[in-house]
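Below is one structure, written out as structure tokens; comments come after it.
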Amino acid sequence: MKRVEKILKQHKYIKIKLKKIASNHLELKAKINDVKGRFILDTGASNSCLGLDLIDHFKLSTEESESKAAGAGATDMETLLSKDNHIKIGDWKTNKCHLVLFNLSHVNTALKQHNIKEVHGIIGADVLQKGKAFIDYNKNVLYLKKIKK
């Protein structure tokens, strides 16, 4: 075990494998409200997001949002908000994950152009900050600090 990994483990960090996909994005698997999904890790996304079409799939309750979403070539998109969701990434988990829902078709269209399977959403900086994240780009590994109960 490398020194950095050992130190992170001593400080209650959980190691999560990432998969580098053809578009050069890092992909990970996660569960939201106990439902499995595929996500892109995006350090530039301020919030974690799901597609609007997945409200029932991930057992979400939603409310109107004043915010507009923008990114990856699309702007001014209508959004909904879903609060206090359970999210589990590897052995890391939290019960207080807020998700922004919007039309992710532009993201999945771009992935399809690289022959990459569609994703359910994006894990953004909100989760990375909550988990005090370290990303090892060389080994495609994400470390998230265990949240105290």
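Atoms considered below: every heavy atom in the structure, side chains included; atoms not considered: hydrogens, waters and symmetry mates.
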In this structure, would Leu54 and Leu101 fall into the same cluster of hydrophobic residues linked by side-chain contacts under 4.5 Å? yes
Starting from Ile16, can I reach Ile87 by hopping between I/L/V/M/F/W/Y residues whose side chains sit under 4.5 Å apart? yes
Can you give me the closest heavy-atom contact between Asn47 and Asp126, atom names plus distance? C-OD1, 3.6 Å
When Ile21, Leu28, Ile40, Leu50 are each screened for side-chain contact (heavy atoms from CB on, under 4.5 Å) with Val119, the one that passes is Ile40
Heavy-atom pair with the smallest gap, counting every atom of His11 and Lys145: O-NZ, 2.8 Å
Closest approach of Ser61 to Ser82 (non-hydrogen atoms, all atoms of both residues): O-OG, 2.8 Å
Just how far is it from atom OG1 of Thr79 to atom CD of Glu64, taken to the nearest 0.5 Å? 8.5 Å
Test Glu5 against every option in Gln10, Lys15, Lys139 by the side chain to side chain donor-acceptor pair (under 3.5 Å) rule and name the one that passes. Lys15
Regarding His86 and Asn95, is there a side-chain donor-to-acceptor distance under 3.5 Å anywhere? yes
Minimal non-hydrogen separation, Lys29 against Ile89, with atom names: O-CG2, 4.0 Å
Side-chain contact test, heavy atoms from C-beta onward, threshold under 4.5 Å: evaluate it for Val35 versus Lys59 and give yes or no. yes
What orientation do Phe134 and Tyr13 show, parallel under 30°, tilted 30 to 60°, or perpendicular over 60°? perpendicular
Going hydrophobic residue to hydrophobic residue with side-chain gaps under 4.5 angstrom, can you get from Ile14 over to Val141? no
If hydrophobic clusters are built by linking Ile, Leu, Val, Met, Phe, Trp and Tyr wherever their side-chain heavy atoms come under 4.5 Å apart, do Ile7 and Tyr137 end up in the same one? no
Could you tell me whether a side-chain N or O of His98 sits under 3.5 Å from a main-chain N or O of Asp84, the two making a donor and an acceptor? yes
When rounded to the nearest 0.5 angstrom, what distance separates CG in Leu80 from OG1 in Thr62? 5.0 Å
CD (Gln129) and OG1 (Thr43) are apart, to the nearest 0.5 Å, by 10.5 Å
Contact check, side chains of Asn108 and Leu111, non-hydrogen atoms, under 4.5 Å: yes
Scan Glu118, His120, Glu27 and name whichever one has a side chain to side chain donor-acceptor pair (under 3.5 Å) with Arg38. Glu27
Counting heavy atoms not belonging to His57, are there more than 12 under 6.0 Å from its NE2? yes
Nearest 0.5 angstrom please: Asp34 CG to Asn85 CG, how far? 11.0 Å
Kindly give the heavy-atom pair with the smallest separation between Ser23 and Ile116, and that separation in Å. N-CD1, 3.3 Å
So Leu142 and Ile123, do their side chains get closer than 4.5 Å, heavy atoms only? no
Out of curiosity, Lys130 NZ to Ile147 CD1, how far, rounded to the nearest 0.5 Å? 6.0 Å
Could you state whether Tyr143 and Trp92 fall into the same hydrophobic cluster, counting links through intermediate Ile, Leu, Val, Met, Phe, Trp or Tyr residues with side-chain heavy atoms under 4.5 angstrom apart? no
What are the two closest non-hydrogen atoms of Ile32 and Phe39, and how far apart are they? CD1-CZ, 3.6 Å
Test your reading of the model: is there a side-chain donor-acceptor pair from Asn33 to the backbone of Phe58, 3.5 Å cut-off? yes
Student check: side-chain heavy atoms of Leu128 and Leu41 closer than 4.5 Å: yes
